[in-house]
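Right, one structure below, let's go through it.
Nothing here was measured: the structure is a model prediction, and the numbers come from that model. Note that ligands are numbered from 1 as they come in the structure, with each ligand's atoms numbered from 1 the same way.
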Amino acid sequence: MLSALNLSASQVDPRSVLIVGGGVSGMQAALSLAALGVPVLLVEKNAHLGGQVMRLDKVYPTDHCAFCPAWSTAKACYESPLIKVVLHAELTGLSTDGEQALAEVTLRRPAIDPASCLFCGSCAEACPRKAVLRRDPIMTWDPALPPAMRIDEALCDKCGACAKACPVQAIDLGVKPVTVSVPVADVIYATGFAEPRPGEPEHAPEFGSGSHPDICTAMEFEAWHGESRGQDRLTTRSDGRPVRRVAFVQCAGARDVRHLPYCAAVCCMHAMKQARWLKRRQPDLDITLFYNDLRAPGAGQEAYVRAGEVEGIRLVRSRPGLVKEAGKLGIGLRYEDAATGSALGEHFDMVVVNGGLAQCPLPGHTPAASAGPLAPVTLACGFCAEPVDVAGAVIQGVATAAAAAMRRRSAESVGGDA
Ligand SMILES: Cc1cc2nc3c(=O)[nH]c(=O)nc-3n(C[C@H](O)[C@H](O)[C@H](O)COP(=O)(O)OP(=O)(O)OC[C@H]3O[C@@H](n4cnc5c(N)ncnc54)[C@H](O)[C@@H]3O)c2cc1C
């Protein structure tokens, strides 16, 4: 059960395709390859498969639960005899030993061993810095990992109080990363995107990200007021006041030469999704979406946006230039109305800033590492290849797996002819 935390060269079939990143795209690529009989090594840097989708509440354009299908897909990966899943693992380099391509995978085992942890909470009680947390719910269901406590590295000062309090010696604060070199035949990157954290994008401070609890990121808002969280009415994060007016600010860092010059492709739709959740539960809520170009390119997406408009969500084509705390008036927002060219200002109780989503780098993917007859040929799928939503990421996973399998088949037939 805990094999997902271990990796050695002998466990890996040298004909394996290495997939870096276990989000929906990487998982789909793994399952598609396994269905074609190709062995897969799937490495994921987090403690669970599923990627960012595991943090979503419901997904557009159907408003179905995000978690359930992603969970079933993760379970299928763990259970496939052809897929070796390794968690807490990152690809750190690609090389060759002269005959075989090698991937360097760095394992960062958690300080609290999930195999031994009793989930009793003694460590959390003993910690003077409140650095020991219960795993958040998305990790407790993971079939490869039983429920366990976890340490927030940013808060921990390694005083050792937790290790002393643990009744089963499950805590090793000195655990170090280990790098293992494993043979692989091909590499698919599925590293996804890095969501903006509060305070980002740093070079666009005019959007006020991180400056006030009621100016939040879309992912924070998803957690604060997701439809399944059970709150009927939206309240402020700062002091729990009822919210009467809420704004969504689009392209706050995307399509902007200072940060991400491209469109992140999913923000207009997920803002509309969140706005519609709110409207469904609170029809009297005043909701405005400030957009640059409203992008709804996928199947059913235009209808989804129009339905939101009919439900009363106000759409303002504009370029907001300032989001700032305004004392008793809440959060002030200044913008240029694209229809009239006028500079206008309004106040809201909460503002959700959609700061663009940066594509994750492809670790180990250097021209040198990918060149030469023995270097594994690399492919990419999902958000790291191009900004896509869940449906697009899954489709890309299937397509990339098919491309890798075809390449292998033609290499084998060339080898056979020779
Ligand atoms: C607020 C918000 C709401 C959204 N709502 C919707 C929605 O309603 N509907 C919809 O269709 N889409 C939605 N999206 C978009 C959706 O999240 C993405 O389309 C989807 O997550 C892309 O999947 P992926 O597998 O490409 O990447 P990810 O989900 O980002 O997964 C990538 C995985 O790779 C791992 N990884 C990264 N680097 C490494 C490394 N070096 N080594 C090992 N592992 C690594 C990461 O830990 C992660 O698990 C939303 C996005 C946001 C931000």
Asp157: side-chain hydrogen bond (donor to acceptor under 3.5 Å, both in side chains) partners, not counting sequence neighbours: none
Results of ring pair (Phe, Tyr, Trp, His ring centres under 6.0 Å) for Phe221 - residues two or more places apart only: Phe248
Any residue meeting ring pair (Phe, Tyr, Trp, His ring centres under 6.0 Å) with His259, in chain and number order, not counting sequence neighbours: His203
Short side-chain to backbone donor-acceptor contact, Ser238 and Pro213, under 3.5 Å: no
Ion pair Asp63/Arg276, N-O distance below 4.0 Å: no
SB check Arg108 Glu153 (cutoff 4.0 Å): no
Can you pull every nitrogen or oxygen pair between ligand 1 and the protein closer than 3.5 angstrom?
unit_1, atom_1, unit_2, atom_2, d
ligand 1, 5 (N), Lys273, NZ, 2.9
ligand 1, 8 (O), Tyr60, N, 2.8
ligand 1, 8 (O), Lys273, NZ, 2.8
ligand 1, 9 (N), Tyr60, O, 3.3
ligand 1, 11 (O), Val390, N, 2.9
ligand 1, 19 (O), Val388, O, 2.7
ligand 1, 19 (O), Val390, N, 3.4
ligand 1, 25 (O), Val24, N, 3.2
ligand 1, 25 (O), Ser25, N, 3.0
ligand 1, 26 (O), Phe383, N, 2.8
ligand 1, 29 (O), Gln52, N, 2.9
ligand 1, 30 (O), Phe193, N, 3.3
ligand 1, 34 (O), Ala190, O, 3.4
ligand 1, 44 (N), Lys45, N, 3.2
ligand 1, 47 (O), Glu44, OE2, 2.7
ligand 1, 47 (O), Asn46, ND2, 3.3
ligand 1, 49 (O), Glu44, OE1, 2.6
ligand 1, 49 (O), Glu44, OE2, 3.2

